[in-house]
Amino acid sequence: QVQLVESGGGLVQAGGSLRLSCAASGRTFSTYAMGWFRQAPGKERELACIIKLTEINTYCADSVKGRFTISGDNAKNTVYLQMNNLKPEDTAVYYCAAGSSYNVRASTYDYWGQGTQVTVSS
């Protein structure tokens, strides 16, 4: 089992920045990729960014590309999501995920955090 704990969410004005953190513990050696997904009220969970931990490849959805950056610290088993120039449409619960494949689909990730709320006011 892998446990994921997110932190760093909150309320910010449009144009502001936040950094989310996701600390992994447990059987982390089985983790090949991690990612951040988000879910707004009444909408399906969608990809923000993912990272391949061994080769440090990253991918972000078009909606956040150029504004969000995902990074990882393997020594700390922690992944970060730096979010800049936030927009009201970025408001959602952000979930950290970990799994054995580097994939944009949420269904391929085995482990999930509890989620952290990000609210962007206009």
Side-chain angles (χ1 to χ4, degrees):
Q1 290 287 338
V2 176
Q3 293 78 42
L4 303 174
V5 178
E6 302 114 330
S7 60
L11 173 64
V12 64
Q13 289 188 333
S17 299
L18 283 174
R19 189 176 82 152
L20 305 182
S21 299
C22 175
S25 61
R27 295 170 61 88
T28 56
F29 59 84
S30 66
T31 297
Y32 180 72
M34 294 181 69
W36 288 96
F37 292 79
R38 63 186 186 180
Q39 188 166 17
K43 294 188 177 181
E44 293 189 355
R45 192 168 297 189
E46 66 175 15
L47 170 73
C49 297
I50 53 176
I51 183 168
K52 185 188 295 185
L53 298 174
T54 55
E55 300 168 17
I56 313 299
N57 283 352
T58 65
Y59 175 83
C60 290
D62 288 342
S63 58
V64 305
K65 199 169 292 183
R67 300 187 297 121
F68 290 12
T69 302
I70 188 169
S71 61
D73 185 334
N74 288 339
K76 295 182 178 180
N77 291 324
T78 300
V79 170
Y80 306 96
L81 185 68
Q82 178 66 43
M83 305 185 293
N84 297 328
N85 191 22
L86 282 160
K87 304 176 181 180
E89 51 264 43
D90 294 319
T91 296
V93 177
Y94 283 70
Y95 296 92
C96 177
S100 56
S101 64
Y102 180 64
N103 197 295
V104 299
R105 292 179 297 160
S107 59
T108 63
Y109 289 80
D110 303 309
Y111 304 102
W112 292 85
Q114 79 285 357
T116 185
Q117 177 70 45
V118 171
T119 303
V120 184
S121 62
S122 57

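We're numbering straight along the sequence, starting at 1. None of the values given here were measured: they were computed from a predicted structure. Values below: every heavy atom of this structure, side chains too, minus hydrogens, waters and symmetry copies.
Looking only at distances, a side-chain donor or acceptor of Thr91 sits under 3.5 Å from a matching main-chain atom of Val120. When atom types are taken as modelled, the side chain of Tyr109 and the backbone of Asn103 share a donor-acceptor pair closer than 3.5 angstrom.
Using a 4.5 Å heavy-atom threshold, the side chains of Tyr80 and Asp73 count as touching. Looking at Asp110 and Val2, their side chains never come closer than 4.5 Å, going by heavy atoms from C-beta outward. For the pair Met83 and Arg67, the minimum side-chain heavy-atom distance is 4.5 Å or more.
Expressed to the nearest 0.5 Å, how far CD of Glu44 lies from CZ of Arg38 amounts to 14.0 Å. Between Phe68 atom CZ and Leu20 atom CG the span is 8.0 Å, to the nearest 0.5 Å. If you take NZ on Lys52 and CD1 on Ile70, they are separated by 13.5 Å, rounding to the nearest 0.5 Å. Between atom CG of residue Leu81 and atom OG1 of residue Thr69 there is a gap of 8.0 Å, rounded to the nearest 0.5 Å. Between Ile51 atom CD1 and Tyr59 atom OH the span is 15.0 Å, to the nearest 0.5 Å. Atom CG of Asn77 and atom CG of Leu4 lie 10.5 Å apart (nearest 0.5 Å).
By the rule that hydrophobic residues join a cluster once side-chain heavy atoms approach within less than 4.5 Å of another member, Tyr32 and Val104 end up as members of one cluster. A single hydrophobic cluster is seen to contain both Ile50 and Val93, as judged by linkage of ILVMFWY side chains at heavy-atom distances under 4.5 Å, directly or through other members.
For Lys65, the NZ atom is densely surrounded, since the number of other residues' heavy atoms within 6.0 Å is greater than 12.
The stretch residues 4-17 participates, sequence neighbours left out, in these side chain to side chain donor-acceptor pair (under 3.5 Å) pairs: Glu6-Gln114, Ser17-Asn84. Sorted by first and then second residue, the disulfide bond (SG atoms under 2.5 Å apart) pairs with a member in residues 54-122 read Cys22-Cys96, Cys49-Cys60; sequence neighbours excluded.
Closest approach of Ala33 to Ser101, counting heavy atoms only: CB-O, 3.6 Å. Residue Ser122 comes nearest to Pro88 through the heavy atom pair CB-CG, 3.9 Å, listed as atom of the first residue, atom of the second, then distance. The shortest heavy-atom contact between Leu86 and Leu18 is CD1-N, 3.9 Å.
Remark: Glu89 pairs with Lys87 by the side-chain contact (heavy atoms from CB on, under 4.5 Å) rule, at least two apart or across chains.
Geometrically, Arg45 does not engage Phe37 in a cation-pi contact defined by less than 6.0 Å to the ring centre and at most 45° from the axis.
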